[in-house]
Structures are given as C-alpha cells and as structure tokens.
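One structure below.
For the numbers below, each heavy atom of this structure counts, side chains included, while hydrogens, waters and symmetry mates do not. Everything numeric here is computed off the predicted structure, so don't read it as measured data. Throughout, a chain's letter reflects where its sequence line sits, starting with A, and its residues are numbered from 1.
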2 protein chains.
Amino acid sequence: MLMKLFQLQLLKTVVNNGLNISRAADQHFVVQSAVSRQLSLLEDELGLPLFERKGKRLIKATDLSLAIVQQVDSIELAMENIRAVADDFRDGRQGEIRIATTHMQAKYFLPPVLNAFRQRYPKVKVNFLQGNPGQLVRMLHDGEADIAVCTEELANDEALLTHHCYDWNHALILPEAHELTEGELSLERIAQHPILTYVLGFTGRSKIEKAFADMGLSIDTSFSATDSDVIKSYVKLGFGVGIIAKISHPNPEEGLVLRDLADFFPESVTRIAYMKNKHLKNYITDLVELLEDFGSRLKAP
Amino acid sequence: MLMKLFQLQLLKTVVNNGLNISRAADQHFVVQSAVSRQLSLLEDELGLPLFERKGKRLIKATDLSLAIVQQVDSIELAMENIRAVADDFRDGRQGEIRIATTHMQAKYFLPPVLNAFRQRYPKVKVNFLQGNPGQLVRMLHDGEADIAVCTEELANDEALLTHHCYDWNHALILPEAHELTEGELSLERIAQHPILTYVLGFTGRSKIEKAFADMGLSIDTSFSATDSDVIKSYVKLGFGVGIIAKISHPNPEEGLVLRDLADFFPESVTRIAYMKNKHLKNYITDLVELLEDFGSRLKAP
DNA sequence: ACTGATTACGCAGTACGTAATTATA
DNA sequence: TATAATTACGTACTGCGTAATCAGT
C-alpha cells in the first residue's frame with residue numbers, strides 16, 4: 001500500500017479540471033511541480049500511464065485514471081463518514097446540514113418542518129442549495145448536499161436511498177374574472193389559453209405535458225418558470241392561466257383564483273433522498289423523520 | 001483531511017487483535033511505540049477517545065472506533081480495486097484467483113470448469129480455500145477470497161452479489177445388497193437406518209433434517225462429514241445409509257448403489273458470490289461466466 | 001512569446017526506532 | 001515480576017518549494 005491517498009486525490013482533481021495540473025495544484029494549495037511529481041510517482045508504482053501525453057501536454061485521461069477516480073470518490077466518502085461519526089459523538093446537537101431542494105419545497109413545504117427542527121437543534125446551521133432535480137442529484141453525488149427533497153428524478157438512481165414524503169396534485173391558478181373561473185373544467189377548455197407552468201425537469205412538468213398530449217391537445221407553453229411565485233405574478237398580469245402545485249397557493253390571495261386539477265393529472269410524489277453509503281448524523285436522521293411526519297400529515301385534514 | 005490512512009488501518013488492526021497494540025505493531029512491521037503514538041495523534045485530531053482505558057491498558061473499543069473500522073474496510077476495498085484495475089491493464093491474462101468453496105464443489109463440479117479456464121488463462125494462479133458456507137462468506141468479506149461457490153447462506157447477505165449456478169438433488173448411497181436397494185423408497189424406510197450425511201451448515205443438510213422432521217420422523221445422524229467421499233467410505237463399511245449430493249457420485253463404483261431422492265427433498269441451488277463493490281478482474285468475470293455456462297449445461301442431457 | 005509540464009536541489013516536517021518510564025495483572 | 005502502553009529524544013526519509021529546463025499552442 002505505498003500508494004498514497006493524496007496522490008489519488010490529486011489525480012481526481014486533475015481529471016476533474018480538464019487535465020490541468022496547475023489548476024489542480026492551486027486547489028490543493030501546493031505548487032505544480034509537486035503535483036507533477038506525485039503523479040509521476042503514482043504512474044511508476046502502478047506501472048502504467050495515467051494520461052495520454054503529447055510531449056508535456058496532457059491530452060486524455062486513461063481508462064485506468066477514470067477507474068481510479070471512481071474509487072477515490074468512495075474513499076473520500078468513507079473519510080467524510082468517519083468525520084461525521086466523530087462529530088456526532090463529540091456533540092450530536094450541533095453541526096451543519098445542507099439541504100438540496102427546489103423553490104417550491106423550500107418555500108411551501110419546508111418552513112414548518114424546519115421550524116420544528118430548529119427547536120430541537122437550535123445550534124445546527126441549515127443551508128439551502130437550490131437547483132433543478134438533475135442538479136440536486138449531482139449535488140448529492142458530489143457531496144455538496146446531505147439530503148435532497150424534490151419531486152422527480154430521485155427514484156431511478158441506484159446510489160441513492162429515498163423516502164416517501166408526500167403526494168400532491170396540480171391546480172389551476174387564474175386571474176379573477178377569467179372565463180375558466182366558471183363552469184366545468186376540462187383539459188380542452190384549458191388548452192385554449194396560454195399556459196404558464198414550470199420549466200422542464202421540474203416539479204411535475206412532464207406529467208402536465210403528457211396529460212395534454214394523451215388527449216391529442218397541443219398547448220401554448222411559451223412562458224415557464226422554476227418558481228410558483230413567478231408564475232402567479234404573470235398570471236395576475238393576464239399572461240395566461242397557471243398550472244402549479246396546489247400546495248404552493250395555500251391561502252386565498254387578492255386577484256387570484258385557485259381550482260383543483262386532481263382529476264386531470266396524476267398525483268406527483270415528493271421524496272427525500274441521500275447517498276446510500278453516507279453516514280447521516282443523528283440530527284439529519286431526525287430531520288428525515290420530521291419530513292416524513294409532516295409529509296404524511298399533509299394528507300390528513 | 002489530515003487524518004492519515006495508515007492511522008486508520010492501525011486502528012483497525014488493533015481492534016481486530018483484541019486491542020493489543022504490540023501485536024498490531026508487528027503486523028505492520030513497526031514498533032509498539034509508533035502505533036501508540038499514531039493512535040494518540042488520531043484521538044487528538046478527532047477530539048475523542050478511541051478506547052476505554054484502565055490506566056495504560058486498553059479495555060474496550062469505543063463505538064467510534066467500531067464505526068471507523070467499518071469505513072476502513074470500505075477504503076481498503078477501494079484501494080485493492082485500484083490495484084486490481086491496474087493489474088488488468090498491465091496484463092489482463094495473468095494474476096491470481098482465490099476461490100472459496102466446499103469440498104463437494106471443488107471435487108465434483110469445478111474440475112471441468114477450471115480446466116476450460118486454464119486453457120484460456122494458463123498464467124493465472126488458482127487457489128482454493130475450503131470451508132463451510134459461513135466461513136466462505138467471511139472470507140469474501142475479509143478479502144481473503146475473490147469469489148465463493150457454494151450452496152447455502154449466500155443468498156441473504158446484503159453485501160454480496162450472487163449468480164445462479166446450478167440446481168441439484170440429493171441421492172441415497174447404499175452398500176451393495178442393502179435392503180433399501182430393492183423396492184419403493186420412502187422417508188419412513190430410510191429413517192429406520194443410521195444416516196450418514198453432511199455436517200450442519202453444509203450442502204443442504206438443513207433440507208434433509210427438515211424433510212424428515214416434517215414427516216414426524218426422527219433420524220439417527222450420529223455420523224456426519226463435510227465431504228461426500230468420507231461418507232461413501234463409511235457407507236461401504238456398513239455404518240449406515242448415506243445421503244449425498246447426486247453429483248458427487250457421477251460414476252458407478254464397486255460396492256456402492258445410488259438411488260435418486262429428488263422426490264423427497266427440495267432442490268438445492270449452488271450459487272456464485274462475490275462482494276458487491278469489488279472490482280472483478282477480467283479473467284474472474286470470465287470464470288463466473290464459465291461457471292454459469294457449465295452450471296446450466298448440467299441440467300440438459 | 002506564453003502557458004504549462006517536467007527535472008534538479010536544498011530544506012523542513014513527519015514518523016520511525018531506541019530507550020526510559022509508568023501502570024496493570 | 002512480567003507484560004504492555006506511554007513519553008522522550010535523536011535520526012532518516014519523504015515531500016514541499018524555488019528555480020531552471022523543456023515542450024506545445
């Protein structure tokens with residue numbers, strides 16, 4: 001086991017920085033020559049090249065390098081786990097939690113949950129990382145976030161463990177006095193108006209598309225946002241009718257009318273996810289439980 | 001990440017050697033004081049004790065230590081994987097393979113498979129590690145073996161990946177001129193004789209016990225062995241009737257009679273197993289395929 | 001010319017070994 | 001008294017930084 005962990009980490013950083021040794025050196029707070037030397041030593045020990053070179057320029061990472069980088073990920077995770085366990089034992093009531101989530105969850109679902117959490121763990125720092133579901137998954141993989149809360153994508157990733165949180169439905173949000181505020185609703189009627197909803201990859205957008213397509217209806221979705229509030233604002237301004245998560249309009253609001261669309265789109269499921277092999281600090285485990293509790297209580301009256 | 005890998009490995013060795021620092025030091029080819037110092041430094045860094053001490057004696061590993069040891073396992077696996085991948089790239093046609101298996105597989109199923117394997121990879125060294133199924137699983141976990149081939153236990157272990165290999169049945173092995181060589185067989189008739197079969201935990205022994213118990217029959221199993229050959233020898237000497245895997249008596253043999261017992265005991269399944277996160281060298285992957293091929297061909301005439 | 005990788009050399013810090021010290025069984 | 005862990009001290013080695021060199025764009 002002469003192979004040093006630091007050498008492996010350097011390799012990872014080089015590979016993840018476009019094969020630029022200088023940049024990698026900066027990130028590890030050492031000079032280029034040091035990195036160059038360590039990588040040479042590693043190559044010597046393995047008896048194989050880590051890069052395809054053109055003179056002194058690195059052209060391409062070998063398959064070996066890529067395989068090593070994967071293993072380094074797992075090693076670094078284990079190292080972080082050790083630190084996390086130690087933190088738990090030192091003082092399980094303080095620390096930090098990084099929650100990757102979407103705007104909708106952060107604004108409409110999480111506030112009461114985090115309020116309860118904060119009462120139990122007043123010393124834990126809570127950080128939000130926002131992004132689309134694809135980005136959230138990446139954040140988990142890269143160790144930038146501890147847990148993710150969102151609606152799509154999470155279920156299909158082998159490396160993730162997920163918990164069910166809550167089910168929700170879409171709703172129509174209309175300007176006051178819009179013709180759709182009256183009478184029986186139908187996808188046909190809705191399709192005749194410009195539709196304001198979430199950007200692709202977000203909070204159930206795919207289900208909306210599909211429902212209209214299945215009925216052979218084409219819709220005008222020239223306006224989309226990641227964010228229910230933005231959608232509501234433009235609905236108010238008369239840009240069209242909004243389709244948003246029902247829970248993102250909890251209270252009646254001046255100038256807006258909400259109508260349920262549960263009959264037209266399938267239920268969406270919000271889930272909690274984290275990396276399978278990651279050690280969850282005790283307060284994170286507790287937060288996951290809180291999320292499940294609050295989630296299941298949403299259904300009940 | 002000041003935490004050094006070597007420190008963590010020392011900790012693991014100490015924990016796995018009854019908290020004896022001196023012994024751990026020997027295993028790593030350093031002196032006691034060095035280990036003692038490194039562990040102190042690790043404790044300082046983590047800010048927590050790794051052991052409960054009574055004066056200068058180590059009494060007990062803390063939960064923290066145990067958690068660390070787990071993570072170290074995963075780190076060491078990753079390191080070995082890196083070496084394995086490198087070996088593959090250097091020369092994928094040579095190396096070593098350590099097969100953990102039982103006597104029955106080693107003697108009656110594996111020979112033709114390994115013959116085929118040897119022709120493809122003449123330079124690969126093949127090592128057998130024999131043991132009972134429980135030991136085989138431990139060998140996989142501890143990295144002493146690359147793959148295991150056996151009948152029981154393998155299916156329930158979360159950390160293992162398994163492949164189906166082949167199904168087999170039990171058979172009765174009798175001395176010539178035994179009364180059971182004639183007439184219709186039944187568990188009742190068999191139960192009237194002393195039964196020679198495998199020791200507990202082996203090759204379907206549990207299924208034998210159960211079949212008799214389900215019929216309310218008690219059997220005399222005062223003699224048992226891990227090994228079909230031993231059983232056969234004693235059957236020949238008139239110690240009783242043998243129940244063995246049918247495939248461990250492929251050819252007629254002077255003084256012995258074989259009768260099928262497929263109707264009385266459920267089929268047993270032989271499986272191939274290896275650690276989920278382990279990198280399999282290409283020739284190991286090939287061997288697994290060979291095992292599956294030969295296994296599936298057993299059924300066909 | 002300039003960016004970026006490799007090689008050469010002196011220096012500092014880390015970790016080992018020897019040995020003395022302390023504590024338990 | 002014997003075994004085993006901790007502490008003290010001198011030494012060797014590993015790996016950094018500075019700087020010079022070399023190779024592409």
Side-chain angles (χ1 to χ4, degrees), chain A residues 1-62 64-66 68-69 72 75 79, chain B residues 1-62 64-66 68-69 72 75 79:
Chain A
M1 287 283 179
L2 232 144
M3 208 162 47
K4 298 289 195 308
L5 178 54
F6 187 50
Q7 296 174 331
L8 300 172
Q9 292 176 314
L10 288 175
L11 173 62
K12 175 181 166 181
T13 309
V14 169
V15 169
N16 289 340
N17 282 276
L19 304 183
N20 187 318
I21 289 189
S22 313
R23 197 128 38 101
D26 288 344
Q27 293 187 30
H28 286 276
F29 307 106
V30 290
V31 296
Q32 302 91 331
S33 66
V35 178
S36 182
R37 219 169 330 106
Q38 290 309 319
L39 291 179
S40 290
L41 291 174
L42 184 54
E43 283 184 319
D44 290 350
E45 183 177 350
L46 296 175
L48 288 164
L50 293 169
F51 308 100
E52 293 174 21
R53 292 176 165 83
K54 189 164 194 170
K56 297 198 171 183
R57 234 72 170 190
L58 308 186
I59 299 302
K60 191 160 169 289
T62 60
L64 172 62
S65 292
L66 301 178
I68 292 178
V69 169
V72 175
I75 293 175
M79 296 291 260
Chain B
M1 290 278 180
L2 229 144
M3 208 162 48
K4 298 290 194 308
L5 178 53
F6 187 50
Q7 297 174 331
L8 302 173
Q9 292 176 314
L10 287 176
L11 173 62
K12 174 181 167 182
T13 308
V14 169
V15 170
N16 289 338
N17 282 274
L19 305 182
N20 187 318
I21 290 189
S22 312
R23 196 130 37 105
D26 289 343
Q27 292 185 30
H28 286 275
F29 307 105
V30 291
V31 296
Q32 301 93 330
S33 67
V35 178
S36 181
R37 215 167 333 105
Q38 290 309 319
L39 291 179
S40 289
L41 291 174
L42 184 55
E43 282 185 319
D44 289 350
E45 182 177 352
L46 296 175
L48 288 166
L50 293 169
F51 308 100
E52 293 174 20
R53 292 176 166 82
K54 189 165 193 170
K56 297 198 169 183
R57 235 75 170 189
L58 309 186
I59 299 301
K60 191 159 169 289
T62 60
L64 172 62
S65 291
L66 300 179
I68 292 178
V69 169
V72 174
I75 293 175
M79 296 291 261

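In this structure, B:L41 atom CG and C:dA15 atom C1' are separated by 9 Å, rounded to whole Å. What separates CD of B:Q32 from P of C:dA15 is a distance of 19 Å, to the nearest Å. Rounded to an integer number of Å, the gap from A:E43 CD to C:dT7 P is 10 Å. Rounded to whole Å, the distance from CG on B:L39 to C1' on C:dC16 is 15 Å. Rounded to a whole Å, the CG atom of A:L10 is 13 Å from the P atom of C:dA5. Taking atom CG of residue A:L42 and atom P of nucleotide C:dT6, one finds them 13 Å apart after rounding to whole Å. Rounded to an integer number of Å, the gap from A:D44 CG to C:dT6 C1' is 13 Å. Taking atom NZ of B:K4 as the reference point, atom P of C:dG13 lies 14 Å away to the nearest angstrom.
Side-chain atoms of A:S22 do not come within 3.5 Å of backbone N or O of A:Q32 as any donor-acceptor pair. Under the 3.5 Å distance criterion, the side-chain polar atoms of B:S40 are matched with a main-chain donor or acceptor of B:S36. Remark: side-chain polar atoms of B:Q7 are paired, donor with acceptor, to backbone N or O of B:K4 under 3.5 angstrom. Side chain of B:N20 to backbone of B:R23: a donor-acceptor contact under 3.5 angstrom is found. A:T62 places a side-chain N or O within 3.5 Å of a backbone atom of A:P49 that can act as its donor or acceptor partner.
B:M79 is listed as a side-chain neighbour of A:L8, based on a closest heavy-atom distance under 4.5 Å. Considering only heavy atoms from C-beta on, A:F51 comes within 4.5 Å of A:L11 through its side chain. When side chains are defined from C-beta on, A:H28 does not count as touching A:V35, because their heavy atoms never get closer than 4.5 Å.
Along DNA chain D, the nucleotide nearest to A:R37 and the one nearest to A:K54 differ in position, and the one closer to the 5' end is contacted by A:R37.
Residue-level contact check: B:L19 touches the backbone only, with heavy atoms under 4.0 Å from sugar-phosphate atoms and none from bases. Nucleic acid contact for A:F6: sugar-phosphate only, since backbone atoms but no base atoms lie under 4.0 Å from a heavy atom of the residue.
Counting only heavy atoms from C-beta on, A:L58 has its side chain closest to C:dT6 among C:dT6, C:dT24, C:dC16.
With a heavy-atom cut-off of 4.0 Å to chain B, the contacted part of DNA chain D has its first and last nucleotide at D:dT3 to D:dT7.
Ionic pairing of B:E43 and B:R53 is present here: one or more N-O contacts between side-chain nitrogen and carboxylate oxygen are shorter than 4.0 angstrom.
At a cut-off of 3.5 angstrom, the base of C:dT18 holds at least one donor-acceptor pair with the side chain of B:S33.
DNA chain D is contacted by A:F29, A:V30 of residues 21-30 of chain A, taking any non-hydrogen atom closer than 4.0 Å.
Distances shown here put a side-chain N or O of A:R53 below 4.0 Å from the OP1 or OP2 atom of C:dT6.
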